[in-house]
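When reading the values below, keep in mind they use all heavy atoms of this one structure, side chains included, and skip hydrogens, waters and symmetry mates.
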Amino acid sequence: SYPKDRYEVIVVDNASTDSTALIAREWGARVVEEPCKGVARARQTGFLAARGEIIASTDADTAVSPDWLAHIDQVFRASDYTGGVYGPVYWPDGKPLERWMLEYPVTLILGLSNRFGRSLWWGSNFAIRREVFLAIGGFSTDMPAGEDTDLSLRVNRYYNIRYDPDLIAYSSSRRIKRGYVRLTYD
């Protein structure tokens with residue numbers, strides 16, 4: 001629902017061996033290459049390639065609402081002091097216990113973390129001002145996992161972050177299906 005001339009879609013080809021880059025280009029995305037494997041490096045490359053004032057982050061296996069970008073824009077327009085915004089992530093294809101955990105305890109923790117100044121956003125559903133991202137130094141690219149939450153904690157030291165329970169993303173639970181331990185490192 002957001003005007004197409006006001007955003008760009010960037011897909012980072014992180015040394016993929018499938019047709020990801022080709023398909024993304026066919027759909028009109030701008031594809032940038034990151035030959036060094038790792039989600040932190042891929043996120044950093046994509047964020048640095050972004051040209052807009054606001055950078056919104058999601059994943060290839062995540063669905064957001066048609067008004068997701070408009071919602072993010074509205075949050076940032078409401079306050080010049082907002083450095084970032086994030087919302088809950090749900091796994092609609094997860095097992096009942098997994099769906100319940102994300103919908104209740106995890107979502108509660110995400111909201112409470114923001115109230116206590118320790119915002120814990122996930123890479124599949126957040127947005128940040130480009131100037132804030134650059135001022136903080138971006139993602140810690142040497143981290144095997146948790147680079148998204150690390151960024152939110154560093155941003156929160158200097159800038160206001162807003163948790164918005166209406167900014168919802170639905171992500172695949174495929175990582176959890178490979179095991180809870182591997183989830184941390186994928």
Side-chain angles (χ1 to χ4, degrees), residues 1-76 83-93 121-152 154-155 161 164 167-178 182-186:
S1 66
Y2 202 66
K4 289 189 178 201
D5 64 337
R6 298 203 48 214
Y7 69 91
E8 64 180 334
V9 175
I10 298 172
V11 173
V12 179
D13 182 359
N14 194 208
S16 66
T17 57
D18 58 14
S19 302
T20 299
L22 177 66
I23 293 168
R25 283 186 186 97
E26 287 175 358
W27 280 91
R30 183 171 152 222
V31 177
V32 294
E33 308 289 329
E34 174 48 65
C36 296
K37 288 287 236 181
V39 68
R41 288 185 182 275
R43 288 191 199 283
Q44 181 77 357
T45 297
F47 276 52
L48 291 175
R51 296 181 279 228
E53 293 176 25
I54 305 296
I55 305 171
S57 177
T58 192
D59 295 319
D61 60 356
T62 300
V64 296
S65 69
D67 70 338
W68 188 67
L69 292 175
H71 192 105
I72 289 169
D73 184 50
Q74 181 181 7
V75 169
F76 283 105
V85 62
Y86 69 108
V89 178
Y90 300 127
W91 289 336
D93 64 338
W121 65 37
W122 289 1
S124 51
N125 191 22
F126 81 91
I128 186 171
R129 290 188 192 277
R130 179 177 172 72
E131 65 188 52
V132 169
F133 177 78
L134 294 173
I136 291 300
F139 292 101
S140 298
T141 57
D142 57 343
M143 296 183 74
E147 78 292 331
D148 46 0
T149 303
D150 171 70
L151 179 69
S152 68
R154 289 187 291 118
V155 168
I161 295 178
D164 189 328
L167 187 67
I168 298 171
Y170 297 94
S171 194
S172 169
S173 65
R174 69 180 170 85
R175 290 175 190 86
I176 202 81
K177 289 176 178 28
R178 289 187 273 166
R182 287 200 54 199
L183 172 67
T184 309
Y185 296 99
D186 282 351

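The shortest distance between side-chain heavy atoms of Tyr86 and Leu167 does not fall below 4.5 Å. At least one side-chain heavy atom of Asp73 sits less than 4.5 Å from a side-chain heavy atom of Arg6. By the 4.5 Å heavy-atom criterion applied to side chains, Ile161 and Phe126 are not counted as neighbours. With a 4.5 Å cut-off on side-chain heavy atoms, His71 and Tyr2 do not count as touching. The side-chain heavy atoms of Trp68 and Asn125, taken from C-beta on, include a pair separated by under 4.5 Å. Between Val132 and Arg154, the closest side-chain pair of non-hydrogen atoms is not below 4.5 Å.
Considering all non-hydrogen atoms of both residues, Glu8 and Arg30 come closest at OE1-NH1, 2.9 Å. Nearest heavy atom pair, residue Thr62 against residue Ser124, reads OG1-CB, 3.7 Å. Of all non-hydrogen atoms in Trp121 and Asp148, the two that sit nearest each other are NE1-O, 2.9 Å. When all heavy atoms are compared, the tightest approach of Phe133 to Gln44 is CZ-OE1, 3.3 Å. Taking all atoms of both residues into account, the shortest heavy-atom contact from Val32 to Gly46 is CG2-CA, 4.4 Å. Closest approach of Ala29 to Val11, counting heavy atoms only: CB-CG2, 3.7 Å.
From Tyr90, atom OH reaches atom OG of Ser171 across 13.0 Å, with rounding to the nearest 0.5 Å. Atom CG of residue Leu69 and atom CD of residue Gln74 lie 13.0 Å apart, to the nearest 0.5 angstrom. To the nearest 0.5 angstrom, Arg41 atom CZ is 11.5 Å from Ser140 atom OG. Here Ile72 contributes atom CD1 and Tyr7 contributes atom OH; the two are 12.5 Å apart, rounded to the nearest 0.5 Å. Interatomic distance, CE of Met143 versus CG of Leu151, reported as 10.5 Å (0.5 Å rounding).
Using a distance-only test at 3.5 Å, with no hydrogens or angles considered, a donor-acceptor pair links the side chain of Ser57 to the main chain of Gly123. In terms of modelled atom types and a separation under 3.5 Å, the side chain of Asp59 and the main chain of Asp61 share no donor-acceptor contact.
With sequence neighbours left out, the side-chain hydrogen bond (donor to acceptor under 3.5 Å, both in side chains) criterion links Arg130 to no other residue. The side-chain contact (heavy atoms from CB on, under 4.5 Å) search around Ala15 returns Lys37, not counting sequence neighbours. Annotation: side-chain contact (heavy atoms from CB on, under 4.5 Å) contacts of Ser1 (sequence neighbours excluded): Asp67, Ala70. For Ala42, the side-chain contact (heavy atoms from CB on, under 4.5 Å) partners are Val12, Asn14, not counting sequence neighbours. With sequence neighbours excluded, the residues satisfying side-chain contact (heavy atoms from CB on, under 4.5 Å) with Asp13 are Ser16, Ala21, Val31, Glu33.
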Legend entry - Criterion side chain to side chain contact (heavy atoms under 4.5 Å, CB included) on Asp93 and Tyr170, from CA distance to verdict: CA-CA 9 Å; Asp93 64 338; Tyr170 297 94; over 6 Å; no

Inset, instruction - Run the numbers on Leu134 and Leu48 for side chain to side chain contact (heavy atoms under 4.5 Å, CB included), then give the verdict. - result: CA-CA 8 Å; Leu134 294 173; Leu48 291 175; 3.8 Å; yes

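Counting only residues at least two apart or on different chains, no ring-ring contact (aromatic ring centres under 6.0 Å, His included) pair has a member in residues 14-39.
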